[in-house]
There are 2 protein chains.
Amino acid sequence: MQNAVDTNDFVELVRQAGLRPTRQRLSLARQLFMNGDRHVTAERLHSESLDQGISVSLATVYNTLHQFTNAGLLRELVVDAGRSYFDTNVSAHHHLYFEETGELRDVPGDNVAIENLPMLPHGMKVSRIDVIIRVKNGSAESS
Amino acid sequence: MQNAVDTNDFVELVRQAGLRPTRQRLSLARQLFMNGDRHVTAERLHSESLDQGISVSLATVYNTLHQFTNAGLLRELVVDAGRSYFDTNVSAHHHLYFEETGELRDVPGDNVAIENLPMLPHGMKVSRIDVIIRVKNGSAESS
DNA sequence: AGAAAAATTAGAATCATTCTAATAAACAAA
DNA sequence: TTTGTTTATTAGAATGATTCTAATTTTTCT
């Protein structure tokens with residue numbers, strides 16, 4: 001999905017998510033998926049849109065992010081209290097979080113092994129495993 | 001009321017955290033640490049306190065939770081947007097999160113192996129690694 | 001086109017959390 | 001103990017992210 005990224009691609013994407021391809025959803029999809037992996041907050045996506053002259057309300061940004069998330073196009077992640085990031089990479093992977101700057105970076109899923117998973121209560125299944133490696137400035141290592 | 005031994009224990013605990021042993025902090029410490037491991041929200045701790053006839057403001061609950069966290073007596077964890085849990089278990093371990101009920105349960109730290117940690121940018125150190133295994137009702141397993 | 005369904009919107013409402021600035025309690029010294 | 005200084009507590013206001021509401025506009029279907 002690198003070149004030949006035109007409106008039609010996004011029309012299809014949005015349709016396959018079971019949503020009507022409105023101007024707002026197409027613009028947001030383009031911003032989210034056109035330039036590779038991203039980790040965005042709703043506020044940032046909204047102001048980015050306005051900067052690009054795309055008129056869309058914050059409520060619609062939230063609605064769309066949740067709809068895309070439900071459709072499996074995005075993954076929501078909460079890294080600290082008070083704000084959600086939406087990750088355009090929905091494959092198995094984890095995250096490096098820079099505590100000072102708030103920057104979030106992907107870590108390939110095979111860098112982390114989950115072993116001896118505890119027994120789950122009957123009838124329960126794993127829906128997802130989130131791993132967040134928090135890093136900050138400093139010389140030594142602590143756990 | 002509480003017996004002298006218990007109270008003294010908490011006076012020491014609070015003092016060693018560099019804080020004055022006030023009535024509020026001692027009550028909260030008792031609630032947090034008297035009955036084994038807990039995962040509490042500020043709101044819950046507050047209403048629990050009021051139920052027990054301990055008068056304390058919500059602001060003080062928040063202040064105290066953060067002070068205890070900074071002193072290493074608690075660990076703050078964010079499992080979904082909008083609320084923080086405070087964990088009285090500060091040893092290396094991870095979490096099982098029941099998405100439907102919001103229940104949080106500890107997983108021994110040695111059940112999860114982090115291998116091939118990605119290279120960190122120069123001067124950065126790992127401050128903490130959070131692993132949250134999200135489970136829900138259902139038959140099959142997904143990753 | 002016209003009707004029905006779905007989407008967008010501004011602004012109000014909500015919820016957890018933090019801030020403010022005034023009052024009260026704890027501590028150290030004499 | 002009393003006094004002065006520092007630190008805590010508090011009610012209530014403020015904040016910030018998110019959700020809701022109810023009205024308007026778009027999209028889709030026939």
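So that the names make sense, note that chain A is the first sequence line, chain B the second, and so on, each numbered from 1. The structure displayed is predicted, hence computed values, not measured ones.
Note on A:Arg23: every side-chain N or O is 4.0 Å or more away from OP1 and OP2 of D:dT26. Side-chain nitrogen and oxygen atoms of A:Thr22 include none within less than 4.0 Å of the OP1 or OP2 phosphate oxygen of C:dA6. B:Arg83 has no side-chain polar atom (N or O) that falls below the 4.0 Å cut-off from OP1 or OP2 of C:dC15.
Atom CG of B:Leu26 and atom C1' of C:dA25 are 13 Å apart (whole Å). When the C1' atom of D:dT24 is taken as reference, atom CD of A:Gln24 falls 13 Å away, rounded to whole Å. Taking atom CZ on B:Arg25 and atom P on D:dT10, their separation rounds to 11 Å, with Å as the unit. Atom CG in A:Asp80 sits about 15 Å away from atom P in D:dG16, given to the nearest Å.
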Audit row: B:Glu76, B:His66, side chain to side chain contact (heavy atoms under 4.5 Å, CB included) steps and yes/no: CA-CA 8 Å; B:Glu76 181 174 2; B:His66 288 138; 4.2 Å; yes
Full working for side chain to side chain contact (heavy atoms under 4.5 Å, CB included) between B:Ile132 and A:Arg128: CA-CA 8 Å; B:Ile132 298 169; A:Arg128 183 170 120 192; over 6 Å; no
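A donor-acceptor distance shorter than 3.5 angstrom exists from the side chain of B:Arg25 to the backbone of B:Arg20, with no hydrogens or angles considered. A donor-acceptor pair under 3.5 Å links the side-chain atoms of B:Thr88 to the main chain of B:Arg38, judged by distance alone.
Closest contact between the side chain of A:Ala42 and the listed nucleotides D:dT18, D:dT9, C:dA7 involves D:dT18.
Within 4.0 Å of B:Arg20, counting heavy atoms only, lies at least one base atom of the nucleic acid. Counting any heavy atom pair closer than 4.0 Å across all strands shown, A:Arg15 reaches sugar-phosphate atoms only and no base atom. Counting non-hydrogen atoms under 4.0 angstrom, A:Ser84 reaches the backbone sugars and phosphates but no base.
Evaluated for a salt bridge (Lys or Arg N to Asp or Glu O under 4.0 Å) with B:Arg75, the options B:Asp106, B:Asp87, B:Asp130 yield exactly one hit, B:Asp130.
Under the rule for a side chain to side chain contact (heavy atoms under 4.5 Å, CB included), the partners of A:Glu100 that lie at least two apart in sequence or sit in another chain are A:Lys136, A:Asn137.
Linking ILVMFWY side-chain heavy atoms closer than 4.5 Å, directly or via other members, places B:Leu117 and A:Phe98 in a single hydrophobic cluster.
Contacts between residues 45-59 of chain A and DNA chain D, counted as heavy-atom distances below 4.0 Å, involve A:Leu58, A:Ala59. Within residues 60-69 of chain A, the residues that have a heavy atom under 4.0 Å from DNA chain D are, in order of number, A:Tyr62, A:His66.
The minimum heavy-atom distance linking B:Pro21 with B:Leu26 is given by the pair O-CD1, 3.8 Å.
When the nearest nucleotides of DNA chain C are assigned to B:Leu19 and B:Glu43 by heavy-atom distance, the more 5′-ward of the two goes with B:Glu43.
Salt bridge absent: A:Arg134 and A:Asp80 never bring a charged side-chain N and a carboxylate O closer than 4.0 Å.
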